[in-house]
Amino acid sequence: MNLLATLRERFRTALTALTDDEATVGELAEMVLPSQDAKFGDYQANCAMPLGKRLGKPPREIAQALIEQLDVAEFCEPPEIAGPGFINLRLRDEWLAAALAAAATDAERGGVAPVDAPRTYVLDYSSPNVAKPMHVGHIRSTVIGDALDKVLAFLGHRVISDNHIGDWGTQFGMIIYGYKHFVDQEAIKKSPVAELGRLYRYVNRLVDYHATKNTTIPALQEKIAKAQTAIDERRHATMPFDAKEAKKEEKKLRQAEGALADLHNELLGLRAKLAEVEGDAALAEAAAAHADVGKAVLAETAALHAGDATNRELWERFLPACLAEMQATYDRLNVTFDHALGESFYEDKLAGVVEDLKQKGLATESDGAQCVFLDGFDAPFIVQKQDGAFLYATTDLATIAYRMETWQPDAILYVVDHRQSFHFDQLFATARKWGYDDVELQHISFGTVLGEDGRPYKTRTGSAVGLAGLLDEAVERAYAIAEKSDVLTTDEERRTVAKRIGIGAIKYADLSHNRTSDYKFSYDKMLAMTGNTAAYMQYSYARVRGIFGKGDVDVAALRSGGARIELAEPAERALAVALVQFSEALHRVAADYRPNYLTDYLFDVASKYASFFENCPVLKAPNDEVRTSRLLLCDLTARTIARGLELLGIEVVDRM
RNA sequence: GCGCCCGUAGCUUAGCUGGAUAGAGCAGCGGACUUCUAAUCCGCAGGUCGGAGGUUCGAAUCCUCCCGGGCGUACCA
C-alpha cells in the first residue's frame, strides 16, 4: 500500500471538520510528508500553521483539534504536537511488522498496489538516427525513458513505448550519395553497417568541408567584423556620468571583447578543420571533385522522398542493416520498445497535416513557407519550407495525430534533451490549437553529459563519443572489480558480473542525477563500491544472498512460513520503515518523471541495510524467532533492491 | 536584444508542494576484521545554499534586482 497517500486521505477527512473549503483541504492534506529526521517520527503534518493563520487561531490549538478528528490509530502511535504546530506521526511497530509480513508473501508486487485510475502513456524516447552510430547523447534519453516506462507500467498504467527513429532525413541522402560515388563493394559485402557508417562519415565530412568554406567561415567573418565595429563604437562612445551606468558599459565592453575572442577561436578551429582536409591529398581531391556535394545530398534525399526507384531501393536495402546495428546496442542495454515508428512511417501523412492546418486557418504563408504563428512566441512554427519540403515540426504533428487516433493516450511524454524545449513549446502550443487540447503533452527534458573538464563529453578530436565503445569500457573496467572478487570462481561468471556491473554503472550514474541538470561522466565515480552507485546496490544485494547461501535458507519456505517480524533494534526498525516506503518512492518517480527519486530511495534502503547488517546478526541471532524475523527483513531488502533496480533497467548478481 | 535553465562543503552532487539543526559520496582525520562478503561499516571535521532586498510564523526552495555561466532563438533534428 501507499502509506503516505493513506495518511493524507485521513488528514483530508479530519481537515474537512475544521474547514469546508475543499481546495484548502486538498492543499493542506498534501502537507503530510515523510519526516526528515527520525526524532520527529516517521511522518509529519505541517498543515496546522497555515490553517491557523487562515482561521486566525493559534496553530497548536488547530493541531490539537486536528488530532482529535484524526483517525490514524491503526497505523500510528498517538500523534504528537511539536514546535509551532507540527504534528509528528510515529508508525506503530505492530503495523509496520504486519505490513512487511504482507509484502513478504506478495511475490508479484512486493506490497505495491496498482493505481486506482490507470492512465495511458505514450513514451517517446531514445530516437536515434539510423546511419549515424548511437553516441553518448543517446544514453540519457534511452535510459531515463526505459526507467519511466518500467516504473509507470509497474504502477499499473498502460504504457506504449515508441522509438521515433530518424530514418528519413538528410543522413540517408548522404549514405545514398556515398554509395553511388564512394562505395567499397568488398567492404559492404563483408560488413555492410561499417561500410555505410564510413560512407556517412566521409560524405558528411565533404559536405561539412564545403559548408565551412563557403558559408560558415564567411558568415563568421562577417560576425567578427560586426563585433569589432560594435566594440570600436563602444570604445569611442562617451562614458556615462552615472557610475553605475559606466560600470555597466564597461562590463558590456568586456563581454563583447570576450565574445569576439571566442569568435576568433572558432574561426581558427574551422580553418584547422579545412587544413586537415586539404592536407590529405585523396580527401582534398574528392572535395574538389564534389564541390556541390551539399546540394547533391539534398537532391538525393528529395529524390528518396519523391519516390525515386533507385533511392527507394537503396533505402530499403540499407535500413535493415542500420536497424540491426541499433538493435545490438539495445540488446546490450536490455531496452525494448513496443513500436519503432520512425519518421518514414509518417511520410505520406505530412501533406495532409499542412493542408489541414491551412484549412483551419492555423497555417499561413510567410516568406514562401507555411507557418503557424503562435501567441507568445517570437518565431513562427514552420511546417513547410519554401521549397515545399516538410520538417520535423510537420512529422511531430503527424505523430501526435497518429498516436491520439491509435492509442487515445492521456499523456504523451518526450524524453529529449533540454535544448529542444523551444521546439516542444511550439509543438505543444500548435497541437493544442489544432484540437489536441485534452492530452498531457510533456517534454521530459534532461541536461548534457559532460566530460571531466565540464564541457560536453567529446573525444579528443571533438567528435561524439560512441555509445558502444562507452559500454565496452565500462564493462572492461567492471571486469577489474570482478577479478578482485574472492567469491567468483569461473571466468564466465566474472564476465557476466562485469557486464551487469558495467552496464548498470552507466545507467545508474545517469538515473541517479536529477535529470534536468548536467552531470559529469566519470568511470571512477560510477564504478565506485561506496556511495550511491549501481555497484554498491548490487553488492548490497549480493551480501543478502550470501547470508541465504551460508545459512542454507529455503527462501520460499521463509516467505510462506507466516513468521512474525520483530522490530526490537533501532536498525531493524529504521530498515522496516524504509522498506514500507517503496511504493511512495515509485509514486514520486511517476509524479515528476524523475527516476533519481528511486535511486535515492534505494540508496537509503541499502544504507539502512548496511547499518542493520553491522548491528543485527542474522544467522547467529539470539533465537530462532529473531533469526527468522531478520531473514524476512533480509529477503524483503533484497527483493526491494532487485525490483527497484529492475525498474531502472539494471540487473543484480547473486555473488560478486 | 528576447526566452529558458543553472550557481549548494576542496571535488562530484541530493534536497518533494516553502517546514524543525541543508543531506550524501569522494578527498582529509580517527576508529572497527578469530564474528553472515572489511569491495564494508562507525565517528570527526568541512556550508553566510553566487550576492542584495522582499513575501512568510518559517525560504536553498516563491518574487524583484545584481553578479557569474550554459542553452535556445524563421525554413537542421
Side-chain angles (χ1 to χ4, degrees), chain A residues 27 30-31 33-37 39-40 44 46 49-50 52-53 58-59 82-86 88 127 129 166 169-171 244 248 251 343 366-371 376-387 389-393 395-396 416-423 425 445 447-448 450 452 454-456 481-482 484-487 512-514 516-520 522 524-525 528-533 535-536 539-540 542-551 584 588 591-592 594 596-597 599-600 603-604 607 610-611 613-621 630 634 655-656:
Chain A
E27 211 173 288
E30 296 296 297
M31 297 177 96
L33 295 165
S35 297
Q36 309 234 347
D37 192 319
K39 79 176 175 214
F40 300 129
Q44 63 181 44
N46 305 330
M49 284 83 80
K53 187 87 185 167
F86 294 107
N88 292 337
S127 316
N129 276 321
T170 313
Q171 77 277 15
K244 207 170 154 189
K248 230 179 200 174
K251 189 194 145 191
E343 290 169 346
S366 171
D367 280 352
Q370 288 299 329
C371 302
F377 291 90
D378 292 338
F381 197 48
I382 299 176
V383 293
Q384 187 171 23
K385 298 202 287 186
Q386 282 177 333
D387 64 5
F390 301 111
L391 301 98
Y392 75 131
T395 314
D396 280 356
V416 179
D417 80 272
H418 72 279
R419 285 173 306 201
Q420 293 194 38
S421 62
F422 185 68
H423 166 70
D425 287 345
S445 76
T448 310
L450 307 174
E452 305 272 7
R455 313 275 317 151
I481 294 176
K484 280 197 290 180
S485 168
D486 308 324
V487 297
S512 60
H513 287 93
N514 182 330
T516 56
S517 44
D518 298 345
Y519 76 93
K520 291 193 181 173
S522 159
D524 288 336
K525 288 207 166 71
M529 288 306 298
T530 51
N532 194 5
T533 68
Y536 177 69
Y539 178 68
S540 303
R543 284 215 294 188
V544 183
R545 303 298 303 172
I547 291 178
F548 287 176
K550 198 109 177 181
E584 291 168 28
R588 283 189 62 204
D592 286 353
R594 288 184 194 274
N596 70 305
Y597 292 151
T599 60
D600 283 359
F603 183 57
D604 184 51
S607 306
S611 173
F613 185 87
E614 292 292 319
N615 293 299
C616 307
V618 178
L619 296 176
K620 289 171 187 164
R630 287 180 179 170
C634 285
R655 305 194 294 173
M656 64 184 276

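Each chain gets a letter, A, B and so on, in the order its sequence line appears, and its residues count up from 1. Values below: all heavy atoms of this structure, side chains included; hydrogens, waters and symmetry mates excluded.
In the set B:A20, B:G72, B:U17, the nucleotide with an atom closest to the side chain of A:Arg419 is B:G72. The side chain of A:Arg543 sits closest to B:U37 out of B:U37, B:C41, B:U35. Of all nucleotides listed (B:A24, B:C36, B:C41), B:C36 comes nearest to the side chain of A:Lys550. Of the candidates B:A24, B:C36, B:G15, the closest approach to any side-chain atom of A:Asn514 belongs to B:G15. Relative to the side chain of A:Ala82, the nucleotides B:A74, B:U17, B:A20 differ in distance, and B:A20 lies closest. For A:Tyr536, taking side-chain heavy atoms from C-beta onward, the closest of the listed nucleotides B:U40, B:U13, B:G72 is B:U40. You'll find that the side chain of A:Thr530 is closest to B:C26, out of B:A77, B:C26, B:A38. Residue A:Ser611 has its side chain nearest to B:C42 when only B:C42, B:G19, B:U12 are considered. The side chain of A:Met49 lies closest to B:G19 when the candidates are B:G19, B:C41, B:A24.
Within the nucleic acid shown, A:Leu391 comes within 4.0 Å of sugar-phosphate atoms alone, with no base atom in reach, counting heavy atoms only. Backbone-only contact: A:Phe603 has heavy atoms under 4.0 Å from sugar-phosphate atoms and none from a base.
For the pair A:Arg545 CZ and B:U37 C1', the interatomic distance rounds to 14 Å; values are reported in whole Å. For the pair A:Leu450 CG and B:G69 P, the computed distance is 17 Å after rounding to whole Å.
With P as the reference atom, B:G31 and B:C71 are 48 Å apart, rounded to whole Å.
Under 3.5 Å, the side chain of A:Asn88 and the base of B:A20 form at least one donor-acceptor pair of N or O atoms.
Searching all strands for a Watson-Crick or G-U wobble partner of B:C44 with both distances below 3.5 Å returns B:G28.
A:Lys484 NZ to A:Met656 CE: the interatomic distance, rounded to the nearest 0.5 Å, is 10.0 Å.
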